[in-house]
Amino acid sequence: ACGGTPQSSSGPEGGDIKDGGDLRVYIGEPRHIVASNAGESEGSTVARALYSGLIDYVGDDYKIVNVMADSIKSTDNKVWTIKLKGGWAFHNGEAVNSDAYIRAWNAAAYAPNAQLGSHFFERVDGYADLQGKEPKAKEMSGLKKVDDTTFEVTLRQPFAGFPVMLGYVAFMPMAQACAADLKACDEAPIGNGPFKMDGKWEHKQQVKLVRNNDYKGTKAHLDRLTFKIYDKIETAYNDLLAGNIDIMPRRMPPAKVPEARVKFGDRLLDKPSPSFTAVAIPTYLDPFKDKRIRQAMSMAIDRKAIVDAVYQGRYTPAKSFSPPGFPGGRDDTCKYCQFNPEKAKQLLAEAGGWPAGKKAELWFNAGAGHDVWMQAVGDQLKRNLGIDYELKGQLQQPEFLATADAKKLTGPYRSAWAPDYPLNENYLTPLFGTGGSSNRTGYSNPEFDARIVRGDNAKLLDEAGKLYGEAEDLLAEDMPSIPLWFDKASVAFGETVTGVEYNGVQGVNFARVGFTK
Amino acid sequence: MLPEPDPDADLLDVRDLRIEFRTRDGVSKAVNGVSFTVQPGQTRAILGESGCGKSVTAQAVMGILDSPPAHVTGGEVRYRGVDVLTLPDEERRRIRGNHIAMVFQDALSALNPVFTVGFQIGEQFRKHLGMSRTDARRRAVELMDQVRIPAARQRVNDFPHQFSGGMRQRVMIAMALALDPDVLIADEPTTALDVTVQAQIMSLLGELLRERQMGLVLITHDMGVVADVADHISVMYAGRIVEEAPVRDIYARPAHPYTKALLESIPRVDVKGQQLNVIKGLPPSPTRVPRGCAFHPRCRYARDVCRQDPPPLYGVDSRRTSACHFWEEVVSARSEGSEPRSREQDEGVGGE
Amino acid sequence: MGRYLARRLLQFVPTLLGALFILHYLMTVGIQLNGDPARAVFGDRTPSQSQLQAMQRVFGTDDPCFEQAGNPCLTVFVHRLENMAQGDFGVDSRERPVVTLIAEHAPITARLALLAILIELLVGVTAGVLAGLRGGSFWDYVVKVSTTMLVAIPIFVVGAVTQLVLGVEFGSWLKGVGAPDLLTGLFSIAYRTDQPWASLVMPAFVLASLSLATTARLTRTSLMENLRGDYVRTATAKGLTRNRVVGVHALRNSLIPVITNLGISFGNLLAGAVVTEGIFNIRGIGGLVFGAVATGEAATVVSVVTILVLVYLLCNLIIDVLYAVLDPRIRLD
Amino acid sequence: MTEQVESVISADRSAQAGIERSASLWADAWRDLRRRPVAIASAVVIVLVSSMAAFPWLWTRTDPRDCPIQLSKATPSAAHIFGTNELGCDYYAMTIYGARASIIVALVSTSLVLLVGALVGMAAGFYGGWVDSVLSRLADIFFALPFLLGALVFLSMLRSHSVWTIVLAFAVLGWPPLARIVRASVLATKNMDYVQAARSLGASDRRLLFRHILPNAAAPAIVVATILLGTYVASEATLSYLGIGLQPPEISWGIMIAQGQSYVTSGYPHLLLFPAAFLSATVLAFILLGDALRDALDPKLR
Amino acid sequence: MSDVVLEVRDLTKHFPLTKGIVFKRQVGAVRAVDGVNLTLRRGETLGVVGESGCGKSTLAKLIIGLEKPTSGEILVQGQNLARMRGSALRRARRNIQLVMQDPYTSLNPRMTVGDIVGEPFQIHPEVAPRSDRRRRVGELLELVGLSPDHINRYPHQFSGGQRQRIGIARALALRPEIIVCDEPVSALDLSIQAQVINLLERLQEELGLSYIFIAHDLSVVRHISDRVAVMYLGKIIETGVDTEIYDHPTHPYAQALLSAVPVPDPTLRGLRDQIILEGDVPSPANPPSGCRFRTRCWKAREVCVEQEPALVEREGSAHPSACHFAEERDVVHATD
Ligand SMILES: Nc1ncnc2c1ncn2[C@@H]1O[C@H](COP(=O)(O)OP(=O)(O)OP(=O)(O)O)[C@@H](O)[C@H]1O
Ligand SMILES: Nc1ncnc2c1ncn2[C@@H]1O[C@H](COP(=O)(O)OP(=O)(O)OP(=O)(O)O)[C@@H](O)[C@H]1O
Ligand SMILES: [Mg+2]
Ligand SMILES: [Mg+2]
């Protein structure tokens, strides 16, 4: 296939990479590694090495590059025709054809399979029929095979961003042998990627992969790729120090970063990650109904100071609702994200001040370490606006989410979002669209919704991104949520490792990693 | 094994033994000059009340005092002429069990509860003589037969708690006799037993002694037992031997007021109606032994000199001694009913 | 003996049922109060009704009783008991049979616990003997203070520090000088499958540190007591060497309370395993339960802890029997 | 006869010394404790720490929750003698204020455990029969749940984790060992002659239990309780570490240790050292005091 | 017979031996006390002797109500103690008190002497007003020959004899008529033993007490008792006034027991008729049929296996003796 010029490779150029070797990679125990179910970070790290999808996102700007797709086209953003490259095969020899994709997507969407990737297919026509305890259908009406290498996808509504979604693991193809027994397949997925399973997933110990020598794309340098599973990231870090693993491909223990900077030097990559943290505001509640209050609160928070103190300065203070560098994302949307205590006080005064004696209740889910930065946020409000606060961090995740779903949180709450595909729209519609799947702030602005629809119908992807950005401008004024920062991923690796490329959606591309000669 | 034993010397000769306990609360002088000798085939009884230092003396002779807190501060313990106190630990250990053996008062606690009696008896054969396990066991059965434990062969693998008190004491005796020692020290071997069993044990001991010509040091506070078996008697009070004599002399004409008072305070099974004479007060605590004669606060013969000078051992006749300034007065007094019965109650200070 | 065993085994039944019910009840109330763990799988994204239902089926929280706070969900409990009686211990949220999970996780924890108990005995008893031979001496104080410090310092700190110093620093150095595998295994940071025993030694030490204090103190006091015992004096009077007197006669008796205490410390070990296994990346029961508690997988928690309870009861039974073997005065009827 | 007078006088003298002494076991134990340097040192530590717990403002005027974030992770200096934590809160003030949670967890859990354990143990040991069977089985159930795992499950059930819920969890899970110990000592004590003597005088069960059996069965319980107390303080920290115990903005040594330990190698060892030192000193003090108390309560050792 | 203060009729105490897993079945019983009859008159001392384990302590506990009898009656001034409960029992208890064998374990080590001796007043507050108690305790201590100044001391600060006095003071506190002494001097030294015996005798004279005096030391019993009962395996096998038992024993066991007592007189060595018994006392859980002593008795014949001898006066015994072949034999004195 192809592949753009890697923008973030480190170490010596391709010529210095030796073929062979066993790369030992840190991950946490995945929930699942079969692509349709590999929803979270650990699972998708493994799945991405096992599978090749229609497209890849390459580089820090997430450029879309075809992998298995020959073309993805639509005239109306509603009916999409996908042509595949021929000759690809699964690790078990089955051909990867239109059926393999249709099979995969139906299986993922089918509710009784309880696959984490299911919701990606919500936009496909007929998805609803596969839901419920006893679904009406097993196949989505929107998927139509044209020939062995061509199939058609019909969406319920036009969506310009659809091709962008296709690089996500949920859209990977599925072999027949896998569909026959999804559970068994989860133990040893049959992929079509540069690496294939070597034996079964050894739970909580490792997942062993070997190079797929029959791979049609760029073959991997490594002979073997071993994901070593750790319970505690600190242990993995110690093992990295001791040379027992070769790379930590995504995260580091936060407290160790300063130390790691010194120890690893340029073998520690600090890469922007699209994960986004904000304090969302229940706009349906007094006194938060007044947007000036929301604006004042936002301006009272010194994001940089918090990031410096809590995250050793690594995260990027947010000045927008979707990350810069992300397709459609910008750097300067949010004028109220400036730290300006004077202006904040003024805005608060204009809004009639903070109700006397009332404490701002700050909500977050328990046991996940959010207390520290939440407290810092509260401290800022107290210092700069005189708003006393109370931390409400008792709810465990399930109930916190349920309470939020039910709009019963009584104050600003932690909101974190990681995009499913690289398009700014993914930060907007679900969180702020009227009836958005994760809209808990109660924010509803018809103009916002209209601007989103305009974007959905755009002819070109870039144009769509711009149109979505216009919707984002409304958020920057209304401030239903206070953006705080975008995460950074940290990739650290050993002295002999080279060819490490990372981007926030795809992670490290292991096919390109190798050892120095 | 022993450095040049002297065949003509006494079998066991303890001279002026002194022992003190150094504890946090001060120094307690438990034994203040004890001397006695034992000849083969002879029984030496050491009589005295609780706490007077009998067991400590016996343990010092055996060399099994816990040190600290106990320290032997003076004296000699000569076994066949060799002063064992000055021997190195290793040689001292070889004497134990082999030449001098000991029977303890409370057989239940003196036997290790978690090992079979066969193991405990046979242990010495294995450790001292290097016998095999089976040989040791065979010898243990023989010994148990000798001390008349019925069905010894079946019971050799039983544990101490499965035996009755009298049998346990026989096991103790078997253990002590295992290596055929020359001296046997029996520290109150029958105090914990019923009289019928006591009679069994004492007659058994007597037989064994005669057979083997051992020297026996019998420690007891029972004047009755002593009258039955001892040849010589040493009476102890507050860490000292206060009187020493052949058995008949002591009972007939005690030469120390303490011995005399003791004899008068024993109720007798064969006589009814005699008055029990009380020794007023309490034995002194070894941390605060009175100056002069230790017995003087309780003594009816006490004079000024008793409070000043500790009495030396006066020779009463060629075979007996007494540590009393006024022994002549004591000997000449009639033993019974000569003094008015003391109605005096004890007002003394309690123990520590 | 047979009767005794039968009686003890019968006593297991109410204990097990009780423990089972308490666990079930706690988990049920937890779900009722803290929300359905199935919801958490979807994170910030609100799942559709049918997605949630599908997940609830996996978690076994699809009974309506889980929505009524305080309802003990007895039918669910009875159902679980029936299944258990038939050897079906349910599945975890990934639909893997709990039995398989246990089979995967238990052996390593068993090895870890065994090593820890051995270390506890070896180190604890040695320390206790050192202290007990000379009460009030320098060693006595060293043992007392050091074992108490181990009680006072949380196990995760002990674990982290051990890992850092012995694993990262010393272990790397060993590797640098090309030490043999066994040695690097002994000082490895994380559990290594190729060194299934050696790489557990360090974690076992950390694990044992929890109960070391008790073992050492128990040994010390009972040895001091026994050394004063008459039978020790008898043994000395028999002319045995000091080593034999202490090592055979006094020590054996002193170990009796120590052995009894092992039964109690076994529970400690399992609990400490949660932390130790995490730090040393050991795929064991502790981590399994912890993970299951965190994600609210009732079936896993109830089954695994039930098995732990059973193992614990069996261990105590074995210890009781051992106790009777060590101390013939105890009769088991 | 003079010597007799003398001995009577000396008896009187020591008797007078006796009169001055008060008659209660506890008063005597108190007098004895005052003579042990280790006990005094331990007591001083405990009093100091308790005063921190009760009146933290006596120790510091700084509000531990007033955190200028710019001062994040300052190392110890004149202005902040223990440095600051990651949010810039004064670490000394936090250490002082953190005593409260740890002390409450330690003391209240241990007291509850002692109370429940003693009551159950006494009932089981004294009454025997079915009472014993039921209580012993009940103790078995809670005993068999591994302590920390049990606490995990228990706490994961509760909505909020305050000091009190942790105390509750520890108490619920912690009483069985004490009940066993107390039961065993009661069984040993109940047939002692002096209990029989009191019974023959017509003493009620309550009197037998509380006047005769309990004081004599208390010693092993006290020793175990002090060790438990140390375990609880450490367990509170472990729970925080596992993310299921106390959580900020609550301040406790446990939280501070759990959070501070990750910074040890990052150049901020003070974040671990100060709370760990305070915690260890406190636990050590309790254990040593427990030992001393046991000895003091035993008149024979005086 | 108004001067009978205590009468024991057919008293038995069987400790059940049980077996079973869930339901306990009784498979046997330790017949600790098996049909004992006693009477005690005012001001009299009844000695009970016997070997270890023959049931002496159990008898004592039964009499003062510490154990419930399996059957039989204990009449204290006509009232059956065995059937009383509640406050009636408490009141009856004031009349009959116990002095225990071991002065080292019978005093609570954590109570002061004042508390120990004062405890009866706390349990029976009606006996002495609160204000009066301290004085009464002082008087009691003086009565038993201890200094009232020692009121704040702990038991371990006293010698064995002094402790025994404390135990006696406690027993005297409620002014009982009967005191059961369970081996009160066995643990004491000779010189101290004499002090305690003298004290007991003095108190009897002064207060008109009646004693049941249990001991295994036959010489002490002889010294203090007016009448003596000899026990073997839960039964009384011979009883009579002291001279009858000591100078004219008729039961072989009583003879063996007496012959075994050492006499502190070396001139008698070898002159006394010593009987060395073979074997041990049989288990009270499984006593021999017929006469219980027959397994160790040199006179045993067929009839002893089949028929249990009654405790009656019979040919060869002028006082009650439970031997088919009762016959006098002097084992105490020298036989020349
Ligand atoms: N370990 C010790 N520490 C301090 N003092 C001791 C120790 N052992 C014995 N003593 C003291 O030594 C003295 C003599 O004790 P010993 O045991 O020899 O008495 P005894 O004559 O054998 O008495 P009994 O008849 O009671 O056995 C006692 O006063 C005792 O207090
Ligand atoms: N609570 C009990 N349960 C079972 N058996 C008992 C109990 N108390 C006593 N016995 C048994 O009853 C018998 C008589 O015991 P008791 O204590 O009355 O003997 P004793 O004559 O006082 O002996 P000693 O002289 O040793 O004190 C013994 O065999 C004893 O084992
Ligand atoms: Mg002695
Ligand atoms: Mg008795």
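So that the names make sense, note that chain A is the first sequence line, chain B the second, and so on, each numbered from 1. Quick note: numbers below take in every heavy atom, side chains included, and nothing from hydrogens, waters or symmetry partners.
- Proximity to chain C involves both the backbone and the side chain of B:Gln120, based on heavy atoms less than 4.5 angstrom apart.
- Remark: the backbone N or O of C:Gly239 is not paired with any side-chain donor or acceptor of B:Arg94 at under 3.5 angstrom.
- Each of C:Asn253, C:Thr234, C:Asp230 was scored for a side chain to side chain contact (heavy atoms under 4.5 Å, CB included) with B:Asn112, with one residue passing: C:Asn253.
- Here CE of B:Met102 is found 11.0 Å from OG1 of C:Thr236. Values are rounded to the nearest 0.5 Å.
- Rounding to the nearest 0.5 angstrom, the gap separating the CG atom in B:Asn98 from the NZ atom in C:Lys238 is 13.5 Å.
- Residue C:Arg242 qualifies as open at atom CZ: its count of foreign heavy atoms under 6.0 Å is 12 or below.
- Interface residue B:Ile64: backbone and side-chain heavy atoms are both found under 4.5 Å from chain C.
- Both the sub-6.0 Å distance and the 45° axial angle are satisfied by C:Arg252 relative to the ring of B:Phe115.
- Here C:Thr241 contributes atom OG1 and B:Asp89 contributes atom CG; the two are 12.0 Å apart, rounded to the nearest 0.5 Å.
- In the displayed structure, B:Asp180 atom CG is contacted under 6.0 Å by more than 12 heavy atoms of other residues, nucleotides or ligands.
- Heavy atoms closer than 4.5 Å to chain C are found in both the backbone and the side chain of B:Ala110.
- Contact of C:Val232 with chain B is not made at all, since no heavy-atom distance falls under 4.5 Å.
- Side-chain atoms of C:Tyr231 and B:Ser109, non-hydrogen and from C-beta on, never get closer than 4.5 Å to each other.
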(request) List the steps, then state whether side chain to side chain donor-acceptor pair (under 3.5 Å) holds for B:Glu123 with C:His249. (result) CA-CA 11 Å; B:Glu123 197 176 14; C:His249 285 268; 2.8 Å; yes
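- Chain C forms more heavy-atom pairs under 4.5 Å with one residue of B:Met175, B:Met62, B:Gln59 than with any other, namely B:Gln59.
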